[in-house]
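Taking it in order: structure first as structure tokens, then the write-up.
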Amino acid sequence: MSEHKSIGTFSAESRRFEPSADFRARARISSLEQYQTLYRESLDSPETFWRRELEELVFTKPWTVLAEGKVPFVKWFADAELNITESCLDRHLTTSVRDKVAIQWEAEPGEVRRLTYAELAAQTVRFAAALRSLGVGRGDRVAIYMGMVPEVVVGMLACARIGAVHSVVFGGFAAESLRDRINDCGAKVVLTQDGAWRRGHVVPLKETVDRAVEHTPSIEKVIVLRHLGQERAPISLKPGRDVDWAEAAAAAEPAAGTPEHVNAEHPLFILYTSGSTGKPKGVLHTTAGYLAGAYLSTKYVFDLRDDDVYWCTADVGWVTGHSYIVYGPLSNGATCLMYEGAPNFPDWGRFWQLIEKHRVTVLYTAPTAIRAFIRAGNQWPAAQDLSSLRLLGSVGEPINPEAWVWYHEHIGGGRCPIVDTWWQTETGSILITTLPGAAEMKPGSAGLPFFGVEPEVVTSDGRAVGPGAAGLLVVRRSWPSQLRTVYGDDDRYVQQYYSEIEGNYFTGDGAHRDESGYFTVVGRIDDVLNVSGHRIGTAEIESALVSHKAVAEAAAVGRPDELKGQALVVFVTLKPGHTAGSELVSELRAHVGKEIGKFAAPDDIRFAEALPKTRSGKIMRRLLKDIAAGREAQGDVSTLEDLNVLAKLSADE
Ligand code: WTA
């Protein structure tokens with residue numbers, strides 16, 4: 001353990017890394033000056049910038065109005081019409097990309113499947129026709145609860161093809177969470193699969209859907225992909241409701257899979273994410289602006305070229321999967337590796353074997369994974385030939401310099417630039433990073449703004465702070481791929497993002513900026529935790545806990561964790577007649593797992609006589625955070641901690 005002491009620590013970092021001359025020479029943007037010129041143009045002459053940069057994309061009606069309205073409600077490319085799948089698929093069918101592999105998929109047990117752009121397009125068109133024949137049309141919501149299989153991409157694209165709005169729910173969410181999301185958006189159909197592999201076990205996705213849709217009045221059909229087959233993942237289809245994916249696709253008439261041309265602002269997808277209240281927010285993204293952001297950022301940040309094999313290890317259930325497995329890479333005609341299973345199955349060498357076997361050139365992963373690999377040992381990557389890699393990326397949470405340097409050295413062989421990309425579900429695409437051939441890298445600092453983005457670090461009254469000073473991270477003006485609203489709740493959208501600092505988008509993150517303009521994002525300043533790159537709202541955890549019969553009150557806080565970034569610690573008080581102890585700990589963990597999903601199960605559960613409160617009755621979260629971070633939990637979980645003594649002490653200070 002002790003040798004890894006440093007993997008989760010942040011220190012003042014002075015090391016600097018330059019992209020190699022070799023990398024620069026072939027990069028799309030190869031100098032700071034070139035970046036700055038384009039960046040200035042993107043802010044000062046956005047019409048010229050976007051017109052030129054989006055030239056390749058397919059608009060059936062070109063835009064004449066770049067942006068209409070004022071924040072918080074801006075319409076981008078306001079009068080354009082398009083279907084996003086024509087940029088992702090059809091446009092490639094008349095070029096050599098047609099026969100290029102779009103998705104190179106490896107199952108957890110090792111089977112490999114390749115889908116060319118022509119094949120992906122054919123499957124999408126067929127499935128779009130199938131959806132239409134089942135009564136799904138423009139504006140209808142479709143929930144998707146699937147694992148990492150090529151068909152999940154087909155499902156998403158097929159929805160977009162017919163103007164339906166997909167809402168992908170991460171396969172780790174429990175039935176209750178899935179049900180709430182379906183009900184919030186009023187989905188008509190769910191796409192799912194019999195089961196998915198995870199660490200050698202079958203995750204029974206269809207079974208969870210069955211439980212979820214017991215209480216979802218809007219659901220008319222459940223379309224089930226038989227991925228593992230009846231023997232491995234036995235399921236039953238409910239007559240009248242459940243439809244076999246393959247049968248529906250086979251019966252469909254491809255001629256009925258024509259693209260629905262929609263307005264630029266037509267909703268493309270809803271993705272639920274945690275906020276500071278108990279109810280997850282349905283982040284709504286629309287068509288043209290989202291495409292513009294996903295396409296252009298993928299092109300420049302990953303510096304894509306024709307022969308790249310690009311691998312983003314995220315799950316499609318999160319925004320990273322939407323923008324950087326599906327819409328960004330496909331609109332660029334890239335070859336994407338997609339892997340079904342766990343990073344450490346059958347052992348910690350799996351990622352590195354995948355890279356060697358598929359000759360991956362660009363790898364995009366998360367700091368939490370990197371730290372887990374550090375702990376697993378250098379022998380795993382060392383045993384594999386990683387020389388195909390030319391560029392690395394990081395996303396989801398701040399990357400600590402030690403992990404950055406390890407990634408650079410042990411995975412990138414010292415030769416690959418690292419793009420530390422800062423963005424959010426709400427931003428749709430990467431807003432801050434150092435473009436790989438353009439600028440020097442500072443471990444731990446995300447870097448400079450992407451084109452069209454104007455971030456700032458400000459005080460609580462909106463004034464910009466000077467170099468080095470910490471403040472709130474905001475974005476001064478609208479950018480194409482920003483969320484448009486919280487689904488069905490414009491007030492909440494305005495309240496959450498545009499009420500903190502007048503006229504600015506508030507990210508919820510704290511940051512500072514150095515003399516050369518590099519942004520370092522230090523983490524959330526609201527009640528949202530980032531556990532292993534998963535966004536978890538403390539209020540959601542608390543409401544799950546108090547729904548358990550033994551719990552009177554609960555407070556969830558984060559504590560720094562070497563591997564996960566943050567660990568989830570909860571303090572609970574019990575109702576009379578219930579006893580603290582390890583049995584209740586397991587029960588509460590399981591309860592949160594059942595209510596939200598296993599990934600949200602608390603790391604520590606601590607029982608208290610009472611929660612420390614201010615005079616006005618607010619839970620003293622800061623104090624709980626300090627307790628969680630500093631003081632070891634009592635070994636004996638059956639004793640109730642007396643936190644009020646501490647509360648009094650700290651109030652006296
Ligand atoms: C955090 C994931 C520091 C941040 C794309 C943000 C980061 C939240 C970085 C969004 C980064 C993401 N450096 N922090 N490079 N990337 N974050 O919505 O706190 O799942 O607000 O989107 O993750 O998480 P989300």
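Bear in mind the structure is a predicted one, so any value in this text is a computation, not a measurement. Side chains are part of it too, since the values below use all heavy atoms of this structure and drop only hydrogens, waters and symmetry mates. When a ligand or atom number is given, it counts from 1 through the structure's own listing order.
Close approach of ligand 1 to V395 is summarised as follows: ligand atoms under 4.0 Å from at least one heavy atom of the residue are 5 (C). Counting atoms of ligand 1 from 1 in the listed order, those under 4.0 Å from a heavy atom of N530 are 1 (C), 23 (O). Counting the atoms of ligand 1 from 1 in the order shown, those under 4.0 Å from a heavy atom of T320 are 5 (C). With ligand atoms numbered from 1 in the order given, ligand 1 contributes 9 (C), 11 (C), 15 (N), 16 (N) to contacts under 4.0 Å with heavy atoms of T421.
Taking the six-membered ring for Trp and thresholds of 30 and 60 degrees, W50 and W76 have ring planes more than 60 degrees apart, a perpendicular arrangement.
Heavy atoms of I432 found under 4.0 angstrom from ligand 1: none, in either backbone or side chain.
Here F450 and W423 keep their ring centres 6.0 angstrom or further from each other.
Using a cutoff of 4.0 Å between basic side-chain nitrogens and carboxylate oxygens, R15 and E409 are not scored as salt-bridged. A salt bridge does not link K281 with D489: none of the charged nitrogens is closer than 4.0 Å to a carboxylate oxygen. Between R371 and E562 no salt bridge is recorded (no basic side-chain N to carboxylate O distance below 4.0 Å). Remark: E454 engages R477 in a salt bridge, criterion side-chain N to carboxylate O under 4.0 Å.
Closest to atom 2 (C) of ligand 1, if we only count protein heavy atoms, is W423 O, 4.0 Å. Nearest protein heavy-atom contact of atom 3 (C) of ligand 1 is P398 N, 3.2 Å. Closest to atom 18 (O) of ligand 1 among all protein heavy atoms lies T425 OG1, 2.6 Å. Nearest non-hydrogen protein atom to atom 23 (O) of ligand 1 is G396 O, 3.2 Å. Counting only heavy atoms of the protein, atom 19 (O) of ligand 1 lies nearest to D509 OD1, 2.8 Å.
Here the side chains of R415 and S20 are not in contact, with every heavy-atom distance at 4.5 Å or above.
Side chain of S323 to backbone of G328: no donor-acceptor contact under 3.5 angstrom is found.
For ligand 1, the polar-atom distance check finds an N/O of Q424 within less than 3.5 Å of one of the ligand's N/O atoms.
Among R524, E426, R535, the residue whose heavy atom lies closest to atom 20 (O) of ligand 1 is R535.
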